[in-house]
Structure formats: C-alpha cells, structure tokens
Amino acid sequence: MKGCKLGLALALAVLLGACRDADIAGLEQALDGMRVDPASVKLAPLPEMPEYVSVDYLFGDQRSPFEAPRAEGEEIAVSNSRLQPDSDRVKEPLEAFSLDQLALVGTLTISGKSSALVRDPEGIVHRLHVGNRLGLDFGRIVGITGEAVQLVEIVPTGRGGWVQRTNMMTLDS
C-alpha cells in the first residue's frame, strides 16, 4: 500500500513537471513584439472558398422521410375531398407563427368560460378562447383544460388533399 502511494505521488510529480513551460519569458517577448507591430505577423492565407452549386429538389411530390409510411390499404384524402382550409377567411395574428414558436403560459376560467394565455415570439401574451385559430396549419382551438389546449389542424396530404389532425399545447412544453 505504501509503495502504491509513493508510485502515485511520483507519477503526479512527473505530470506536473511536464506542464511547466521553460520559455515563458520568450513567449511574452514575442507577444510584445506582435502588439507593437501587428503588421509584422504573417498569417497563412485563407483557404479557397468552394463554389456554391444549386441543386434542384426533385422529390417534393413524394412522402416526406420524416413522416411514418402509411399502412397498406390506408385511405388517403384526394383533391376532391370536401375538407379544405378556408382561404377567404381573415387570418388571426397567431396564425403567422408555427406552434413551436408559441408557448402556452397559463389558462383561466372566469364564470365557467375557459381561456388560454399564449405567448408569441415577440413576448406578447394573447388571451384565446375555443374557436380561435393559431399556427401555420390552420389550427383551431377545440378545447381548453387547466393545463392544455387541444387543436384541430388541417394539413395537406401531399397528394392534393387535406386531412385533419389533433395537436396539443401544454403548459410544460
């Protein structure tokens, strides 16, 4: 045990000795020379920048690799579907932001009517009720609980149609 401690102490002394630089004064002198005449410092030339070549994306009409593949035989919406967003409707202010840019910061219930407090990226808190709209995917609030807001969104199928999906905003997200 004593030999182990002695060996460890010796190894530590060798490592600490290796960290010491013998020519600190020479380094300081070189740095002082550079501070006096910065033009004397010769820098390596910058590497040549590669030329940017634009590439066309040819797979926009196919399934996104970030979406789960559909099960065989699963129905998909087609362009003659009745479901589609109302493009003539005047958009509400929070429809300019994606849901991940918005934060649910609280909920209120006054006289039995629930409302949600949602902060936008500019720091403004908006008071919303069931029926208000938010998000880039035509989201409409369909329910407000003490800790969450439930939305129904209308999203494109990628094949000319539209489908509904539900989404949630929670206080902890």
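When a residue number appears, it is its place in the shown sequence, counting from 1.
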Tabulate below the donor-acceptor pairs under 3.5 Å that side-chain atoms of residues 24-53 make, not counting sequence neighbours, or state none.
from: Asp32; atom 1: OD1; to: Arg35; atom 2: NH1; distance (Å): 2.9
from: Ser40; atom 1: OG; to: Asp37; atom 2: O; distance (Å): 2.7

Can you give the donor-acceptor pairs under 3.5 Å from side chains of residues 119-133 to other protein atoms, not counting sequence neighbours?
from: Asp120; atom 1: OD1; to: Glu122; atom 2: N; distance (Å): 2.9
from: Asp120; atom 1: OD1; to: Gly123; atom 2: N; distance (Å): 3.0
from: Asp120; atom 1: OD1; to: Ile124; atom 2: N; distance (Å): 3.0
from: Asp120; atom 1: OD2; to: His126; atom 2: NE2; distance (Å): 2.9
from: Arg127; atom 1: NE; to: Ser115; atom 2: OG; distance (Å): 3.2
from: Asn132; atom 1: OD1; to: His129; atom 2: N; distance (Å): 2.6
from: Asn132; atom 1: ND2; to: Glu92; atom 2: OE1; distance (Å): 3.2

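Taking the side chain as every heavy atom from C-beta outward, Met169 and Leu102 approach each other to under 4.5 Å. Taking 4.5 Å as the limit, every side-chain heavy atom of Leu117 sits out of range of all side-chain heavy atoms of Leu104. Contact check for Gln84 versus Phe138: no side-chain heavy atoms found under the 4.5 Å cut-off. In this structure, the side chains of Ile154 and Asp137 stay at 4.5 Å or more apart for every pair of heavy atoms. In this structure, Thr107 and Thr145 have side chains that are not in contact, with every pair of non-hydrogen atoms separated by 4.5 Å or more. Leu151 has its side chain out of reach of Val142: every pair of non-hydrogen atoms, C-beta onward, lies at least 4.5 Å apart.
No continuous path of hydrophobic side-chain contacts links Val152 to Leu136 [ILVMFWY only; heavy atoms under 4.5 Å]. Hydrophobic clustering (ILVMFWY, side-chain heavy atoms < 4.5 Å, transitive): Leu94 and Leu171 are in one cluster.
In this structure, Thr109 contributes its side chain and Lys113 its backbone to no donor-acceptor pair below 3.5 Å. A donor-acceptor contact shorter than 3.5 Å is absent between the side chain of Asp56 and the backbone of Leu58.
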**Request:** Give the intermediate values and the outcome of side chain to side chain contact (heavy atoms under 4.5 Å, CB included) for residues Leu99 and Glu153.
**Result:** CA-CA 11 Å; Leu99 287 182; Glu153 298 176 311; 3.2 Å; yes
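Comment: Arg140 does not engage Glu95 in a salt bridge, judged by the lack of any side-chain N to carboxylate O separation of less than 4.0 angstrom.
Residues Val149 and Ala116 approach most closely at CG2-CB, 3.5 Å, considering heavy atoms.
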